[in-house]
Amino acid sequence: MNLFNHFRDRLIAIIGELAAEESIPSGLDTTRVTVEPPREESLGDITTNAAMILAKPAAMKPRDLAALLAGRLDGLDSVAATEIAGPGFINMRLENSFWRQRLAEILTAGPAYGDSGFGRGCKVNVEFVSTNPTGPLHVGHGRGAVVGDALASLLEKAGFDVTREYYVNDAGAQVEMLARSAAARAGEALGMVELDEEALQGLYPGEYLKPVGEKLASQFGAQRLNVDDAENLQFLVRFCIDEMLDLIRADLAVLGVEFDVFTSEKELVEAGAVDAALKFLAGRGLIYTGVLEPPKGKKTDDWEPRPQALFRATEFGDDVDRPLKKSDGSWTYFATDIAYHMDKFRRGFETMIDVWGADHGGYVKRMRAAVEAVTEGAGELDVKLCQMVKLTEGGQPVKMSKRAGAFVTLSEVIERVGRDVVRFIMLTRKNDAHLDFDLAKVTEQSRENPVFYVQYAHARSCSVLRHAAEVFLPGELSPSALARAELDRLTDPAELALIKVMASWPSLVESAALAHEPHRVAFYLNDLAARFHMLWNKGNENADMRFLIPGKRALSAARLALVRGTAIVIASGLKVMGVIPVQEMK
RNA sequence: GCGCCCGUAGCUCAGUAGGAUAGAGCACCAGAUUCCUAAUCUGGGGGUCGCAGGUUCGAAUCCUGCCGGGCGCGCCA
């Protein structure tokens, strides 16, 4: 249950009743009315701005309207007290029994706690990673992979029907370069050439292509080395793309990311999708032949004005109209991407989310323009840009990998610190903020390391339950049994404060899903862990506050419900992040 | 030159569809260990939310203009 929406619904009903009684005008616009936590805990549990929002249209003073509303809110079940504060806030404190019910709800729901019907089953397509299949994934790709996957999980939890999609850019000149590189490696494997630095000029130098070359050599000998033969080159391209996709899929598997759909750019083009999309746009007068101005303030030595097919992106908010064809007559990346997004829309996705690297930021406007044009306003594209990951160790930049060519691979980092650490750290910043990833710090066991801090809270709660098993029967410790514990024995403010944080998980899921911001889950879990550690330490100072009190079974059972609930909510949050909760710290 | 992102405590960053006296961690200072893991916790000092206007009951948040940093600007994707 999203408790804020729950009380907002009650509030809106009260506003309707007052209107029916003609105490206030009818038909007031309540869309901006919110129910949320107050700035400070001491002000109460929930607050509403309704009186301030509605005062003007109701022609009343905010505090007078607040008094009227507060009188009715006071009569609601679970509302213990109301108070009018500041310019017209109505603060409410809820009955402790309400919070204890939330704990029972958590125990009953288990890891599904926080699942929501918010998305109403709407189809959402999350496209991420989508790198050229020319080599292994590096750390930057890893960030996009984690952000995309966690965002997808978050949306699923919020009730959307999500498809995880990878767009394989297998149609450009880069895959031909890949094929040439692999052919050279095959020649090397056969002892026909020696690949020094000079010979590798213009080719992908990474050593990951050696096994591909060896495979080519062992399967075909020297038969498939001619890259000047167009037909053979296409064979090599296909061969290499398959190899690279295997490599990429393996990297993704190690990270725990699985896609529902791989869409091939090449196949899309061959199926005529680009022609169809451009025909669609041309039919609406959105394509014309024109000459672009050279960009100002940028070196323009090789600029030659030439007429070309342009999309009227400016009609949809972009800065200039965008080219659709290269000088060699082939489609630009943009043209095929228009077709691709049109294809996604045709497959039923009105909401599309693309996760890109920040270096593609200049591309967002034109793509959004294209989506608007090609879906005639019915489709929506949100682009999440992921900033760079700065990999350090003890503050020093990490050396580049020789094996991979010019970058540190994702798999190397995962091998070093573990999958769960990588996934968690990637979500400790907003996607559009730079991320410092320190290989030493992320495995430290300290408060500074959020992965450890959150995992430790989970492990601690598991530890308590293990100890409890010495006194209680297994059946007494199951979530459903603990839900029936005498929860009214939970009376300490710190205990109730912990429940309140847990109870805000459903609303966090919805707001984070709405904002497309999975990093909020990481911050939430950090807060929840802090509350738990805080309560734990109360037991250090005062033995009566420990979870397990010898001889007091009912009290202990109630507190174990709290402990189990914490573990459940942490596990529920980590699941969204794709991180496995640990039972104990080593 | 133009566009996008960012600018919040000494440092690294949150800030939930415009809400109340702007938060957390680190660092600094002062404390807690007969304990279910002190790998943690408690308290304290620390801010012109880059600058200047505007919108309104109310702005870190929205609008405009500057300053500073990052990314990008046909024939790469």
Side-chain angles (χ1 to χ4, degrees), chain A residues 4 31-32 34 36-40 43 47 49 52-53 55-56 61-62 85-89 91 130-132 134 169 171-174 265 291-298 302-306 308 310 318-320 322-323 325-330 332-334 336-337 356-365 385 387-388 428-430 432-434 436 444-450 452-453 456-457 459-461 463-468 504 507-508 510-512 514-515 517 519-520 523-524 526-527 530 533-541 543 546-549 556 559 563 584-585:
Chain A
F4 301 106
T31 51
R32 290 177 57 226
T34 59
E36 55 193 354
R39 176 63 77 193
E40 277 181 57
L43 295 170
T47 188
N49 63 355
M52 293 177 291
I53 296 294
K56 192 177 262 187
K61 289 180 185 169
F89 290 101
N91 297 326
S130 296
T131 170
N132 291 315
T134 56
N169 296 130
Q174 299 191 6
E265 179 186 0
V291 181
L292 285 178
E293 294 286 314
K296 288 170 185 165
K298 203 198 165 209
D302 58 343
W303 181 276
E304 287 172 24
R306 88 188 157 78
Q308 58 188 335
L310 298 173
D318 200 357
D319 310 302
V320 289
R322 302 295 181 175
K325 269 195 178 180
K326 302 179 196 172
S327 53
D328 67 0
S330 64
T332 59
Y333 180 76
F334 180 49
T336 54
D337 227 2
W356 296 349
D359 54 340
H360 291 59
Y363 205 77
V364 174
K365 271 193 184 182
L385 297 177
Q387 267 294 354
M388 274 175 37
T428 54
R429 289 286 177 273
K430 252 185 316 205
D432 53 11
H434 286 271
D436 290 325
E444 260 172 32
Q445 301 199 328
S446 77
R447 176 74 177 91
E448 286 176 75
N449 178 5
F452 163 76
Y453 190 69
Y456 184 37
R460 262 189 162 169
S461 53
S463 168
V464 176
L465 291 163
R466 281 193 297 271
H467 280 271
S504 68
S507 65
L508 186 120
E510 290 182 3
S511 56
L514 180 66
E517 292 188 349
H519 74 278
R520 291 189 195 182
F523 284 91
Y524 168 79
N526 205 60
D527 288 347
H533 289 308
M534 200 186 294
L535 187 57
W536 175 285
N537 271 77
K538 287 212 161 201
N540 279 337
E541 287 152 26
R546 289 186 194 156
F547 299 119
L548 291 168
I549 309 290
S556 297
R559 289 184 175 169
V563 172
E584 58 185 323
M585 307 303 294

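Each chain gets a letter, A, B and so on, in the order its sequence line appears, and its residues count up from 1.
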- request: Let me know the distance between CD of A/Glu40 and C1' of B/A22, rounded to the nearest Å.
  value: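 After rounding, the reported distance stands at 11 Å.
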query: Starting at CZ of A/Arg322 and ending at C1' of B/C76, how long is that distance when rounded to a whole Å?
result: 15 Å
query: Considering only B/C4, B/A14, B/G74, which nucleotide approaches the side chain of A/Lys365 most closely?
result: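 That would be B/C4.
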task: Tell me which nucleotide among B/C75, B/A17, B/A14 gets nearest to the side chain of A/His519.
output: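 Of the candidates, B/A14 comes closest.
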For [N] versus [M], give the span between their [atom1] atoms, rounded off to a whole number of Å.
N	M	atom1	result
B/C49	B/U61	P	10 Å
B/A20	B/A59	C1'	13 Å
B/C13	B/A27	C1'	15 Å
B/U8	B/C51	P	10 Å
B/A17	B/C76	P	42 Å
B/A14	B/G47	C1'	15 Å
B/G72	B/C63	P	25 Å
B/G19	B/G58	P	14 Å

- prompt: Are a donor atom and an acceptor atom from the side chains of A/Thr134 and A/Gln174 found within less than 3.5 Å of each other?
  reply: no
- prompt: So which nucleotide does B/C75 pair with, by the Watson-Crick or G-U wobble rule with both distances under 3.5 Å?
  reply: none
Under 4.0 Å between a side-chain N or O of [X] and OP1 or OP2 of [N]?
X	N	result
A/Tyr453	B/A24	no
A/His533	B/U42	no
A/Arg460	B/C36	no

query: Do we count A/Phe89 as stacking onto B/A20 if the rule is ring centres under 5.5 Å and planes under 30°?
result: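 Stacked: centres under 5.5 Å apart, planes under 30°.
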query: With sugar-phosphate meaning primed atoms plus P, OP1 and OP2, does A/Glu584 contact a base, only sugar-phosphate, or nothing at under 4.0 Å between heavy atoms?
result: base
task: Looking at every strand, decide which applies to A/Ala358 at a 4.0 Å heavy-atom threshold: base, sugar-phosphate, or nothing.
output: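 Sugar-phosphate, no base atom in range.
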Taking N or O atoms only and anything under 3.5 Å, show me the protein contacts with nucleotides 56-60 of chain B, one pair per line.
| residue | atom | partner | partner atom | Å |
| --- | --- | --- | --- | --- |
| B/C57 | OP1 | A/Lys56 | NZ | 2.4 |
| B/G58 | O6 | A/Arg32 | NH2 | 3.4 |

- request: Kindly check if the number of other-residue, nucleotide or ligand heavy atoms within 6.0 Å of NZ (A/Lys326) is above 12?
  value: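 Counting neighbours around NZ of A/Lys326, more than 12 heavy atoms of other residues, nucleotides or ligands fall under 6.0 Å, so yes.
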